[in-house]
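Numbers restart at 1 for each chain; the letters A, B, ... are given by sequence-line order, proteins then strands.
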Amino acid sequence: MTVALRDTPVTPDVVAAHGIRADEYDRIVELLGREPNFTELGVFSLMWSEHCGYKYSRALLSEFPSTGPQVVQGPGENAGAVDVGHGFAVVFKMESHNHPSAVEPYQGAATGVGGILRDVFTMGARPIAMLDSLRFGALDDPHVRYLFRHVVRGVGDYGNCVGVPTVGGEIVFDDAYAGNPLVNAMCLGLIRHEDLMRASAAGPGNAVYVLGASTGRDGIHGASKLASTELSADTVESRPTVQIGDPFTEKLLLEATLELIESGAAVGVQDMGAAGLTSSSSEMAARAGTGIEIDVALVPRREPGMTPYEVLLSESQERMLVVARPDQEPALMAIAEKWDLPCTRIGIVTDDDLWRVLEDGEEVCRIPVAALVDEVPRYVREVQEPSYLAEVHGSMPDPDEIARIDPLAALEGLLSAPTIASKRWVWEQYDHHVQTNTILGPGPAGAALLSIKGTPGALGVSTDGNGRYVYCDPRRGGALAVAEAARNLATVGARPLGVTDCLNFGNPEKDAVYFQFAEAVRGIAEACRAFDAPVVSGNVSFYNESPKGAIYPTPTIGMVGLLEDVEARPRGGGSPGDSLILIGRDGAHLGAGSLLAEVLGIVAGRAPAVDLDAERRHAEIVRELVRGGVAVSAQDVSDGGLAVTAAETCFGLPAACGIEIELPEAEGGPHGAMFGEDGARYLLVVPAERRDLARQRLDSGAVPWREAGRVTSDGRIRFRDVGERPREELERRWRNAISDRMETMEDER
Amino acid sequence: MTARVEVFVQLKDGMLDPQGKTLEHALEALGYSGVENVRVGKWITFAVEGGCREEIAGRVDEMCRRLLANTVIERFTYKLLEDGE
Amino acid sequence: MTARVEVFVQLKDGMLDPQGKTLEHALEALGYSGVENVRVGKWITFAVEGGCREEIAGRVDEMCRRLLANTVIERFTYKLLEDGE
Amino acid sequence: MSGVPIGIVRFPGTNCDQDVFDAVAAIDGARPVWLWHKETALGGVRGIVLAGGFAYGDYLRAGAIARFSPIMDRVIAFARSGGPVLGICNGFQILTEAGLLPGALMRNAGLSFVCREQWLRVDSTDTPFTRHFRPRQLVRFPVAHGEGNYVADDETLDRLEGEGRVVFRYVDEAGEATPLANPNGSARNIAGIADERGNVVGLMPHPDRAMSLLVGSQDGREVFRGLLEAAA
Ligand SMILES: Nc1ncnc2c1ncn2[C@@H]1O[C@H](COP(=O)(O)OP(=O)(O)O)[C@@H](O)[C@H]1O
Ligand SMILES: [Mg+2]
């Protein structure tokens with residue numbers, strides 16, 4: 001079988017089964033000056049896949065701003081990095097593990113966390129925090145509960161074991177994700193500038209090592225589109241595509257990697273992620289402008305009888321590729337031994353620009369490095385606006401229908417909708433304190449706040465993205481994801497420094513999906529420019545479709561910001577008599593919003609308009625009020641509008657407190673003001689004695705604002721002239737919506 | 001009839017078993033040499049009532065597939081013992 | 001000789017087994033009635049080489065007591081199969 | 001660097017080692033010293049902390065494999081000779097596996113990992129680690145564990161209580177040891193215990209994560225101050 005596989009003739013059928021187009025094949029022949037053999041074909045199919053090669057997305061991604069004085073490392077490395085002062089930089093990236101999580105939610109999520117951790121510590125940075133951005137179908141579906149429960153457990157178990165706190169994230173439940181959940185994980189690491197390591201295979205004559213776990217047949221289908229029919233049935237059957245995570249080995253690998261980078265025992269380090277040995281070795285060579293030669297027979301295996309093809313394409317977890325000079329080898333081996341990790345020499349850096357693979361000295365592949373890495377086809381497609389958009393925009397419900405909705409019943413419904421309800425059930429399963437940097441963890445604020453030890457500053461970090469907005473309005477939706485992240489940072493006093501993203505879309509070969517992608521990217525790019533937040537890393541995940549259709553186009557944005565002085569952080573609290581100040585205008589925009597989706601069950605209208613100038617100015621003033629201690633806390637107004645924001649603000653106040661909100665007069669009823677999701681808005685808690693200070697500051701700032709209400713002592717949530725509910729009752733719904741479902745309803749695999 | 005059931009669940013062959021691997025090293029460090037291929041699985045026991053042996057077997061098989069084992073990554077076997085056996 | 005070893009570890013009788021209880025409820029919710037006294041334990045398998053049957057048994061017993069089971073809360077049994085058995 | 005040397009054991013997989021190091025370093029007069037698990041000597045340390053985390057991934061059972069690391073023989077001898085030893089979270093699990101403390105820590109009754117702020121009541125001030133607290137003082141240390149459900153037979157539990165060796169209990173804000181305040185199902189809401197002489201204490205909650213108001217509580221400082229005094 002081994003021989004049969006290797007000698008499989010490369011017929012047009014085999015080429016097509018590898019997802020390679022005829023014109024692409026011709027290009028391969030041209031680059032090689034001959035026909036590829038079967039193994040080489042597999043390598044091309046991986047490296048030229050969207051997953052590794054970004055053939056549909058690269059051209060568009062170049063629209064992102066990626067430079068700025070704070071950028072220490074832009075896109076192109078394992079992760080990006082921005083300066084946070086005092087000689088430190090923060091390294092960060094976000095990545096998806098959607099398909100693996102759909103097949104095996106626990107392992108899929110766990111290995112997703114493992115992968116993104118490696119991207120960060122490969123750069124020499126110690127991971128200090130994780131965030132997870134998740135999308136599932138509706139929680140009433142027992143299979144969705146199964147996926148949700150096990151994804152959360154997988155994220156938690158992996159991060160908890162490695163000892164990196166999961167400090168934030170987001171979760172949306174919507175039927176659009178029923179067949180295809182999204183699991184995006186973001187990791188941040190801290191590093192001194194001079195320790196930053198780049199993944200390059202420099203110095204011909206240097207040796208190449210595999211450090212860490214042995215190689216099995218895991219995930220061989222992972223990154224490519226291999227059609228199983230072309231491989232004999234029994235190979236496919238015996239080939240587990242699910243990767244099993246081993247967080248303990250990851251922890252050892254983390255410590256060993258940081259130690260070897262710090263002690264200067266390596267020239268370059270690269271983790272083996274998608275497409276394993278193939279992409280890690282060719283990319284390291286490409287970055288250094290060298291060649292590389294590897295003998296697969298030397299790679300430690302977990303299973304007997306693996307072919308070169310399998311060794312090259314395996315996605316076994318917890319492995320690193322290390323390049324070291326001969327004089328570094330003893331130190332490298334000593335570190336590996338200290339951490340009980342195998343470290344094996346498998347090849348050498350060459351000066352011939354070739355990616356050569358041997359098996360027991362016999363040549364298996366011989367491909368110019370550039371052909372694999374730089375010659376990936378790039379497609380830019382011209383597509384029309386899909387017709388569904390006009391339909392969605394035109395289908396807003398009648399104002400009468402909205403006017404008939406009982407606003408307080410709607411508020412109850414929104415607070416108990418799992419998307420809006422408290423996520424405590426999730427984040428209590430995540431260690432969010434380890435490493436003792438967590439000033440604000442999940443729960444109290446829209447963004448997490450982490451101290452940067454060794455500096456007086458703190459990092460704010462948030463992930464955001466609203467797929468429904470992007471579906472209704474791709475460009476606005478993209479910009480709104482960035483705007484919401486920036487708002488969340490402003491509420492903890494942090495100024496944006498940089499962005500990472502994970503672009504989850506359907507099949508880009510479909511016109512509508514490509515249109516959504518291109519427009520969302522434009523929206524993101526515009527907003528990032530407005531906030532001075534360059535995109536320094538990211539990830540694209542296409543083909544998120546199931547028999548039920550494509551998911552909502554869902555770019556998630558991970559934004560990192562700086563609060564220069566941790567003493568200026570928001571202190572929280574509040575007491576009766578405090579003012580609630582609304583920054584921004586009163587709401588009116590219900591299109592594409594939560595009221596329609598969660599209460600009426602419809603998706604209609606346009607997403608809220610984006611005013612980037614207002615976003616920037618309002619964020620600035622919120623930061624100033626928070627940092628000066630004028631406001632003790634701030635919440636941005638997002639899903640569910642002012643009403644939901646007010647309720648959530650109330651839940652953050654001491655137990656006996658209530659709130660009272662005044663709404664502007666409006667013809668069609670209070671719905672727009674209560675549930676409108678217009679942007680650039682915040683609700684601030686300002687102690688009574690600082691009210692005048694706030695007023696002065698706001699009046700001189702040319703920012704629309706009003707005193708929208710106050711903190712009361714009667715434990716009720718009241719909307720003047722509309723009605724009220726006991727806080728206790730609303731809070732119970734909000735607190736228990738997810739846990740009740742998860743504790744009393746059964747799952748089904 | 002009433003049967004005592006024992007279900008055995010293990011990761012499929014070829015799947016990495018991190019617990020097994022770590023335990024193997026630990027046993028070796030403790031001085032137990034010659035120990036190989038350690039796998040850590042689950043052993044689930046229960047009593048079940050109703051139907052004949054074949055019916056119970058069928059039900060247990062289904063229970064394993066639906067809940068007790070994760071057949072994406074695990075394989076299972078089971079054993080029925082009639083009460084008193 | 002070379003033996004295949006199977007070790008079975010379970011919470012002692014009388015110790016509450018929350019995992020077992022949870023499975024029991026889940027099975028019932030899936031419609032499997034008449035299932036009782038579900039206990040979830042460990043099934044550890046490995047190969048071991050060297051010595052005669054008695055020696056191997058002695059070693060396995062010691063491995064269980066020292067490492068594989070926590071005898072404060074767990075009890076264990078094991079089985080040896082000679083290779084080829 | 002001067003100060004009383006306090007050893008912090010690092011097993012493969014320990015992940016609160018740096019947190020404990022920082023906690024010890026924050027106490028005037030104490031000097032944190034790493035103890036690598038493969039070492040067979042204690043290098044003159046005067047007190048020992050087994051930090052939290054996932055030694056050996058918590059594979060098989062939390063603490064089961066770490067308990068056999070070479071350094072543990074020395075730790076056991078040090079404890080038996082009366083030296084102060086503190087086991088936090090995974091460290092507590094290792095101490096029970098090693099037989100230095102009675103009972104065992106099972107999987108949480110709710111079967112999930114639980115991370116939260118937690119109120120504790122100091123039920124014994126007769127240990128070096130708690131002598132700076134008032135009897136029945138309420139303190140707040142975070143918990144973060146998946147296997148913290150303390151079990152022992154009734155006789156052992158009665159003895160622990162009778163001898164005043166229950167050091168910390170999980171309580172609510174009012175100081176009551178209610179079932180709701182118990183994060184993991186521990187018998188009698190026990191969060192931490194001492195050995196007969198009081199020099200060995202294990203607890204699931206993290207005093208090392210309660211060293212600064214920046215992270216919400218600094219009640220943990222007293223624990224490390226007590227450790228230093230016992231070691232001096
Ligand atoms: N998957 C998750 N993992 C960890 N924390 C989460 C997750 N989802 C939500 N959270 C936390 O719960 C809080 C509320 O989340 P969310 O409602 O999305 O905030 P906002 O609307 O202000 O962005 C935040 O602190 C967030 O970090
Ligand atoms: Mg929200």
Participant: Does Gly185(D) offer a backbone N or O that forms a donor-acceptor pair with the side chain of Asn182(D) under 3.5 Å?
Facilitator: yes
Participant: Can you say whether Tyr59(D) sits under 4.5 Å from chain A via the side chain, the backbone, both, or neither, judging by heavy atoms?
Facilitator: side chain
Participant: Using a cut-off of under 4.5 Å for heavy-atom pairs, which of Glu567(A), Glu250(A), Arg569(A) has the most such pairs with chain D?
Facilitator: Arg569(A)
Participant: Side chain, backbone, both or neither: which part of Leu252(A) has an atom under 4.5 Å from a heavy atom of chain D?
Facilitator: side chain
Participant: Contact part of Arg424(A) toward chain D, heavy-atom cut-off under 4.5 Å: side chain, backbone, both or neither?
Facilitator: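 For Arg424(A), neither part sits under 4.5 Å from chain D.
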Participant: Taking all heavy atoms of His433(A) and all of Cys115(D), pick out the closest pair and write down the distance.
Facilitator: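 Nearest heavy atoms, His433(A) then Cys115(D): ND1-SG, 3.4 Å.
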Participant: Gly156(A), Cys161(A), Gly163(A): which one forms the most heavy-atom pairs within less than 4.5 Å of chain D?
Facilitator: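 Most pairs with chain D among the choices: Cys161(A).
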Participant: Which answer fits Thr14(D), side chain, backbone, both or neither, if we ask what part of it has an atom under 4.5 Å from a heavy atom of chain A?
Facilitator: backbone
Participant: What part of Thr438(A) is in contact with chain D, defined as an atom under 4.5 angstrom from a non-hydrogen atom: side chain, backbone, both or neither?
Facilitator: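 Interface part for Thr438(A): backbone (N, CA, C, O).
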Participant: Can you classify the ring geometry of Phe141(D) versus Phe133(D) as parallel (below 30°), tilted (30 to 60°) or perpendicular (above 60°)?
Facilitator: tilted
Participant: At a heavy-atom distance under 4.5 Å, which candidate from Thr249(A), Asn160(A), Asn437(A), Thr436(A) has the highest pair count against chain D?
Facilitator: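 Greatest number of close heavy-atom pairs with chain D: Asn160(A).
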Participant: Mind checking whether Phe248(A) and Tyr56(D) have ring centres under 6.0 Å apart?
Facilitator: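 Centroid separation for Phe248(A) and Tyr56(D): below 6.0 Å.
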Participant: Checking heavy atoms, do the side chain of Lys453(A), its backbone, both or neither come under 4.5 Å from chain D?
Facilitator: side chain
Participant: Can you name the side chain to side chain contact (heavy atoms under 4.5 Å, CB included) partners of Ile261(A), sequence neighbours left out?
Facilitator: Met197(A), Thr257(A), Val269(A)
Participant: Tell me which of these, Pro142(D), Ala55(D), Ala23(D), Ala210(D), has more heavy-atom pairs under 4.5 Å with chain A than the rest.
Facilitator: Pro142(D)
Participant: Near Arg74(D) CZ, under 6.0 Å, is it more than 12 heavy atoms from other residues, nucleotides or ligands?
Facilitator: no
Participant: If I measure from the heavy atoms of chain D, does Glu743(A) come under 4.5 Å with its side chain, its backbone, both, or neither?
Facilitator: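 Neither part.
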Participant: Please round to the nearest 0.5 Å and tell me the distance separating atom CD1 of Ile116(A) and atom CG of Asp132(A).
Facilitator: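 Atom-to-atom, Ile116(A):CD1 and Asp132(A):CG are 12.5 Å apart.
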Participant: Please classify the contact of Val164(A) with chain D as side chain, backbone, both or neither, using a heavy-atom distance under 4.5 Å.
Facilitator: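 It is neither, since no heavy atom gets under 4.5 Å.
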Participant: CG/Leu50(D) to CG/Leu35(D) distance, rounded to the nearest 0.5 angstrom?
Facilitator: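 Taking CG in Leu50(D) and CG in Leu35(D), the distance rounds to 9.5 Å.
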Participant: Under 4.5 Å heavy-atom distance to chain A, tell me which part of Asp22(D) shows up: side chain, backbone, both or neither.
Facilitator: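 For Asp22(D), the side chain is the part near chain A, not the backbone.
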Participant: Evaluate the ring planes of Phe651(A) and Trp734(A), with Trp represented by its six-membered ring, and classify them as parallel (under 30°), tilted (30 to 60°) or perpendicular (over 60°).
Facilitator: tilted
Participant: Of the listed residues (Asp58(D), Asp208(D), Leu214(D)), which shares the most heavy-atom pairs with chain A below a 4.5 Å separation?
Facilitator: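 Highest number of heavy-atom pairs under 4.5 Å: Leu214(D).
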Participant: Honestly, is Arg192(A) close enough over Phe88(A), meaning NZ or CZ under 6.0 Å from the six-membered ring centre and within 45° of the axis?
Facilitator: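 Because its charged atom sits under 6.0 Å from the ring centre and within 45° of the axis, Arg192(A) does stack over Phe88(A).
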Participant: Look at Val152(A), Asp157(A), Asp246(A) and state which one has the largest set of heavy-atom pairs under 4.5 Å with chain D.
Facilitator: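 Result: the option with the highest number of such pairs is Asp246(A).
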